[in-house]
Peer 1: 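Mind looking over this structure? Questions follow.
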Amino acid sequence: MSKVRVLVGTRKGAFILTSDGKREHWQVSGPHFAGWEIYHFKGCPTNPDRLFVSQSSGWFGQLIQRSDDGGATWNPVGNQFVYDGVPGTHQWYDGTAHPWEFKRVWHLEPTLTDPDTVYAGVEDAALFVTQDGGQTWSELSGLRCHGSGAAWAPGAGGMCLHTILLNPNDPQRIIIAISAAGAFRTDDGGKTWRPINRGLKSDFIPDPDAEVGHCVHHIAMHPSRPDVLFMQKHWDVMRSDDGGESWREVSGNLPTDFGFVIDVHAHEPETIYVVPIKSDSEHFPPDGALRVYRSRTGGNEWEPLTKGLPQSNCYVNVLRDAMAVDSLDSCGVYFGTTGGQVYASADAGDSWTPIVRDLPPVLSVEVQTLA
Amino acid sequence: MIRVVLPAHLRTLAQINGEVELEVEGAVTQRSVLDALEARYPMLRGTIRDQVTKQRRPFVRFFACEQDLSHESPDTPLPPEVVTAKEPFLVVGAVAGGR
């Protein structure tokens, strides 16, 4: 029977939540790496028992942990992330030049074909890759050095590369996103990059439709249609049908189009999910009611999903990497909150139950559907 | 033999119980002690000092004999009490609140 493993990164450790395919009863394992910040925790598509964790601390820096037995045992692997050449400067919050400094790994993306090859998105924004299972990491510096890097600026969470989308039809094409620089694409496996932000409009930057400077919060893609992209921007939910060449707004009837997460149903490429957040200055759901919004039309028409979610006095946030879907039938949807709840829906969002209620603030949620 | 005391998170990471006892060849300095520590426990590389510059991480401090040695040169000899193992060399996480 199928099994589901939910990988949760929190401010104080990692947790593994497992269930059979019914997704009614859950076992909770953790905290792993207790007391450390776990920005991301993800398994390899080609070897689901190989898991990678980004473990960091303001005191002791960055570590990468790897498990080859589904999280039963762990080994630290390479943690040396050195920018290629002289890193130069980017913009600081006040517009002054600020030196590039490595702070942490925000996102680990194992490739679709090789469990030893993994991409890492880091703060200050850059893309690294390992080809030896995490022992050594090297920068794909064509991104940071393509020309606009000096104009990139940090968002409130830091200048982080947080989204890495791999194209199942074309391993040379990778799409990444940086807060607050925007989305970028390579078509040659990471050697050369260009911004793909045409159609984005951000009223909080001097030139609202600038080529770079947009605070992209997350991008999602369905593997069957890798040219169709859905973006939750700082404000605005956006869609591209041409691999990011152009974007159009699909916020439609959302109560607010600010938010962090966005994801796509595993079997319905036009069904997408967001969690609207009140505003950039009030990072909690509108009206104190936690509502996932689902569109079955690829955007514009949205319906609130509330069954099982708190509808009063709820003031949590859902951070950018904290939503995921499984590939069972029907599709399971999962998200974690800054209040420490991980909610699961085994019916594509129609109803929700908390798997756990009292974890540390949740930074990331990933799901593995296991045979 | 040099005695080194690590903070709890790093003891857990390196799977160490209690103090570490290290043999250090030549002059006993912050640098030579940390070199020996990282050679025995490679997983500690980058957690106490930068892997490239070898500079102390900002929220890590070094104490011994009730003295703060954090701002000493890494090549300054450590106190005789540390060299003779009468006192340990302490690696301490800065008291910096939390969230």
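Predicted, not measured: the structure shown is a model, and the values here were computed from it. Lettering follows sequence order; numbering is per chain, from 1. The figures that follow rest on heavy atoms only: side chains count, while hydrogens, waters and symmetry mates do not.
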Peer 1: Answer yes or no: is there a donor N or O on one side and an acceptor on the other, between the side chain of A:Trp59 and the main chain of B:Ala94, under 3.5 Å?
Peer 2: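 Flag set: sc A:Trp59 to bb B:Ala94 pair under 3.5 Å.
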Peer 1: Counting only heavy atoms not in A:Arg357, do more than 12 fall under 6.0 Å of its CZ?
Peer 2: no
Peer 1: Count the heavy-atom pairs under 4.5 Å between each of B:Asp50, B:Leu10, B:Ile48 and chain A, then report the option with the highest count.
Peer 2: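 If we count pairs closer than 4.5 Å to chain A, B:Leu10 comes out on top.
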Peer 1: Are more than 12 heavy atoms from other residues, nucleotides or ligands located less than 6.0 Å from atom NZ of A:Lys103?
Peer 2: yes
Peer 1: Take a 6.0 Å sphere around CG of A:Asp358 and say whether it holds more than 12 heavy atoms from other residues, nucleotides or ligands.
Peer 2: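 No, because the 6.0 Å sphere around CG of A:Asp358 holds 12 heavy atoms or fewer from other groups.
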Peer 1: Measure across B:Leu13 and A:Gln65 and return the closest heavy-atom pair with its distance rounded to 0.1 Å.
Peer 2: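 Minimum heavy-atom separation between B:Leu13 and A:Gln65: CD1-NE2, 3.7 Å.
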Peer 1: If I measure from the heavy atoms of chain A, does B:Pro7 come under 4.5 Å with its side chain, its backbone, both, or neither?
Peer 2: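 Just its side chain gets close to chain A.
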Peer 1: By ring pair (Phe, Tyr, Trp, His ring centres under 6.0 Å), which residues pair with A:Tyr315, not counting sequence neighbours?
Peer 2: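 Partners of A:Tyr315 under the ring pair (Phe, Tyr, Trp, His ring centres under 6.0 Å) test: A:Phe284.
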Peer 1: For atom CD of B:Gln15, is the number of surrounding heavy atoms from other residues, nucleotides or ligands below 6.0 Å larger than 12?
Peer 2: no
Peer 1: Counting only non-hydrogen atoms closer than 4.5 Å, can you tell me which residues of residues 74-91 of chain A sit against chain B?
Peer 2: A:Pro76, A:Asn79, A:Gln80, A:Val82
Peer 1: State whether the number of non-hydrogen atoms from other residues, nucleotides or ligands found under 6.0 Å of B:Lys54 atom NZ is greater than 12.
Peer 2: yes
Peer 1: Take A:Trp36 and B:His9, measure what ring pair (Phe, Tyr, Trp, His ring centres under 6.0 Å) needs, and give me the verdict at the end.
Peer 2: CA-CA 8 Å; A:Trp36 293 70; B:His9 278 317; 5.5 Å; yes
Peer 1: To check you understand the geometry: which heavy-atom pair defines the closest contact between B:Arg57 and A:Phe60, and what is its length?
Peer 2: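 So the two residues come closest at NE-C, 3.4 Å.
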